[in-house]
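A quick write-up on the structure given underneath.
Residue numbers count from 1 along this sequence. No hydrogens, no waters, no symmetry mates; every other heavy atom, side chains included, goes into these values.
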Amino acid sequence: MAFVRIRAAKEGDCGDILRLIRELAEYEKLSDQVKIGEEALRADGFGENPFYHCLVAEILPAPGEQPGQEIGSKIIKKVAEVALDQGCSQFRLAVLEWNKRAIDLYKALGAQDLTQEEGWHAFRFEGEAMRKLAGR
């Protein structure tokens, strides 16, 4: 099994965060919608009143293991843990309707499928499902 370390992002991670945003947008066929730059990421996430919190997953696959196996559920569980620590009652995820693998994962972890408007599924973890993900 891969070694996964999930930590809070640091200001110095902004270049990698932007690269990953662009890679995700390309995967989702939405590259033209990426409007943010590294400086805005820095200002919005690491200023006096951060607008967002970001986690970074450092992944070392085990020999012979395909990268990415079970990484998604580990990241979501960490998000649930951080959200609870911050006093949040829920967190939401958005996924394009054609990304069945992600949809199935979110449902399997206990998320509620809230809507399919505009081709997006919105998921919310709250209450028992959120505590279960965080191991509480």
Checklist entry - Side-chain heavy atoms under 4.5 angstrom apart, residues restricted to Ile, Leu, Val, Met, Phe, Trp, Tyr: same cluster for V56 and I75? => result no
Checklist entry - When hydrophobic residues are tied together by side-chain contacts of less than 4.5 Å, even through go-betweens, does L18 share a cluster with Y27? => result no
Next on the checklist: One pair to check against side chain to side chain contact (heavy atoms under 4.5 Å, CB included): V95 and K100. What are the steps and the verdict?
Outcome noted: CA-CA 9 Å; V95 60; K100 182 147 174 46; over 6 Å; no
Kindly compute the distance separating [atom1] ([X]) from [atom2] ([Y]), expressed to the nearest 0.5 Å.
| X | Y | atom1 | atom2 | answer |
| --- | --- | --- | --- | --- |
| L84 | E126 | CG | CD | 11.5 Å |
| E28 | E23 | CD | CD | 12.0 Å |
| M130 | E81 | CE | CD | 10.5 Å |
| D44 | C54 | CG | SG | 12.0 Å |
| R42 | I36 | CZ | CD1 | 11.5 Å |
| Q112 | R92 | CD | CZ | 9.0 Å |

Checklist entry - Should K29 and W98 be marked as a side chain to side chain contact (heavy atoms under 4.5 Å, CB included) after you check the CA-CA gap, both sets of side-chain angles, and the distance that decides it? => result CA-CA 11 Å; K29 301 169 185 67; W98 57 262; 4.3 Å; yes
Heavy-atom closest pair, residues [X] and [Y]:
| X | Y | answer |
| --- | --- | --- |
| A129 | G110 | CB-O, 3.6 Å |
| F46 | C14 | CE1-SG, 3.5 Å |
| P50 | G45 | CB-O, 3.4 Å |

Checklist entry - Residues in ring-ring contact (aromatic ring centres under 6.0 Å, His included) with F91, at least two apart? => result F125
Next on the checklist: For F51, give me all partners under ring-ring contact (aromatic ring centres under 6.0 Å, His included), at least two apart in sequence or on another chain.
Outcome noted: none
Checklist entry - Under 4.0 Å between a Lys/Arg side-chain N and an Asp/Glu carboxylate O for R22 and E26? => result no
Checklist entry - Can D85 and K78 be counted as an ion pair, charged N to O under 4.0 angstrom? => result no
Next on the checklist: The test is side chain to side chain contact (heavy atoms under 4.5 Å, CB included); show your working for L96 and L30 and say whether it passes.
Outcome noted: CA-CA 10 Å; L96 288 167; L30 298 169; 3.8 Å; yes
Checklist entry - Step by step, would you call K107 with D113 a side chain to side chain contact (heavy atoms under 4.5 Å, CB included)? => result CA-CA 7 Å; K107 287 180 179 179; D113 189 349; 3.7 Å; yes
Next on the checklist: Less than 4.5 Å apart, side chain to side chain, heavy atoms only: is that true for D13 and R7?
Outcome noted: yes
Checklist entry - Only one of L133, L93, D104 forms a side-chain contact (heavy atoms from CB on, under 4.5 Å) with L109, so which one is it? => result L133
